[in-house]
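Scope of the values below: all heavy atoms of this structure, side chains included, with no hydrogens, waters or symmetry mates. Nothing here was measured: the structure is a model prediction, and the numbers come from that model.
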Amino acid sequence: MKITFKPDRYVVDELHVPKLQEHLYCIFDLEGTGILPDQESITQFGAMEYKRGEVRNSTFSTLSRASKPIPDAVAELTGISNADMMTAPAFAEAYRLFSSFVGEKILVTHAGYEYDLPILKRH
């Protein structure tokens with residue numbers, strides 16, 4: 001599969017997903033200490049299962065101890081504070097729990113190529 005970013009869209013070559021509605025998906029989102037994935041630290045993993053046009057009853061959420069302080073504006077936006085980081089699991093443990101929830105599901109995210117995947121790769 002080859003993904004190319006054009007100014008107004010992504011182009012995906014060689015992608016074939018048979019029986020699209022039959023798959024189990026994991027819709028996920030990450031929170032971080034800011035918006036620059038090459039400089040920020042993940043503070044939370046959130047995810048839910050989805051299949052056949054309906055939300056399933058399985059959700060996942062865990063904090064992840066940031067490696068840098070959370071700016072006040074980000075704390076206000078996300079509701080995640082520096083105090084929360086004191087008891088949050090280390091990234092390795094949070095990622096292990098997230099990966100276990102994901103299993104074989106197909107990952108879906110709204111900011112995957114701009115934020116979520118680059119920050120995960122860096123971590």
Side-chain angles (χ1 to χ4, degrees):
M1 177 172 70
K2 178 184 173 193
I3 301 171
T4 306
F5 180 67
K6 303 285 184 173
D8 61 340
R9 68 187 185 286
Y10 288 105
V11 177
V12 181
D13 296 324
E14 301 174 24
L15 175 65
H16 176 70
V17 183
K19 299 181 181 179
L20 196 61
Q21 294 183 13
E22 298 296 321
H23 292 281
L24 182 58
Y25 296 88
C26 175
I27 302 170
F28 77 100
D29 187 36
L30 303 178
E31 297 298 339
T33 55
I35 62 170
L36 303 172
D38 61 335
Q39 298 175 20
E40 307 303 345
S41 183
I42 295 171
T43 57
Q44 184 180 40
F45 290 84
M48 59 186 259
E49 289 183 355
Y50 178 88
K51 186 174 184 179
R52 284 192 171 256
E54 62 185 64
V55 176
R56 298 170 61 97
N57 289 330
S58 185
T59 61
F60 174 83
S61 179
T62 186
L63 294 176
S64 175
R65 190 175 325 124
S67 60
K68 62 188 277 188
I70 301 170
D72 291 341
V74 173
E76 185 176 331
L77 177 68
T78 64
I80 303 167
S81 69
N82 287 302
D84 295 328
M85 294 293 98
M86 301 298 289
T87 58
F91 172 81
E93 176 63 10
Y95 182 75
R96 185 190 67 74
L97 294 168
F98 174 67
S99 295
S100 178
F101 178 81
V102 171
E104 297 295 317
K105 300 174 193 85
I106 296 172
L107 291 171
V108 178
T109 184
H110 74 285
Y113 287 98
E114 295 90 3
Y115 188 81
D116 295 329
L117 295 181
I119 199 169
L120 276 174
K121 184 177 181 180
R122 198 175 114 270
H123 275 68

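- A single hydrophobic cluster is seen to contain both Ile119 and Val102, as judged by linkage of ILVMFWY side chains at heavy-atom distances under 4.5 Å, directly or through other members.
- Ring pair His23/Tyr25 is perpendicular by interplanar angle, where above 60° counts as perpendicular and below 30° as parallel.
- Side-chain atoms of Ser99 come within 3.5 Å of backbone atoms of Tyr95 as a donor-acceptor pair (strictly under, hydrogens ignored).
- Atom OG1 of Thr109 and atom CG of Asp116 lie 3.5 Å apart (nearest 0.5 Å).
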side-chain contact (heavy atoms from CB on, under 4.5 Å) assessment of Ser41 paired with His123: CA-CA 8 Å; Ser41 183; His123 275 68; 3.7 Å; yes
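- Taking CZ of Arg52 as the reference point, atom CD of Glu22 lies at 4.0 Å (rounded to 0.5 Å).
- To the nearest 0.5 angstrom, Glu49 atom CD is 10.5 Å from Ile27 atom CD1.
- Ser64 and Ala94 get closest at one heavy-atom pair: CB-CB, 3.8 Å.
- Contacts of Glu114 classified as side-chain hydrogen bond (donor to acceptor under 3.5 Å, both in side chains), with partners at least two apart in sequence or in another chain: Tyr10.
- Note that CG of Leu63 is 4.5 Å distant from CE of Met85, once rounded to the nearest 0.5 Å.
- A pairwise comparison of heavy atoms in Ser61 and Gln44 identifies OG-NE2, 3.2 Å as the closest pair.
- In this structure, the side chains of Phe91 and Ile42 come closer than 4.5 Å at one or more pairs of heavy atoms.
- Taking a cutoff of 4.0 Å between a charged side-chain nitrogen and a carboxylate oxygen, Lys68 and Glu40 qualify as a salt bridge.
- The distance from the CG atom of Leu30 to the OH atom of Tyr115 is 7.0 Å, given to the nearest 0.5 Å.
- Taking hydrophobic clusters as Ile, Leu, Val, Met, Phe, Trp and Tyr residues chained together by side-chain heavy-atom distances below 4.5 Å, Ile35 does not share a cluster with Leu117.
- In terms of modelled atom types and a separation under 3.5 Å, the side chain of Thr43 and the main chain of Glu31 share a donor-acceptor contact.
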Step-by-step side-chain contact (heavy atoms from CB on, under 4.5 Å) determination, Ser58 to Phe101: CA-CA 9 Å; Ser58 185; Phe101 178 81; 3.2 Å; yes
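- We find the CZ-CZ distance between Phe28 and Phe45 to be 9.0 Å, quoted to the nearest 0.5 Å.
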Check: residues 69-79 side-chain donor-acceptor pairs under 3.5 Å, at least two apart:
from	atom 1	to	atom 2	distance (Å)
Thr78	OG1	Val74	O	2.9
Thr78	OG1	Ile80	N	3.2

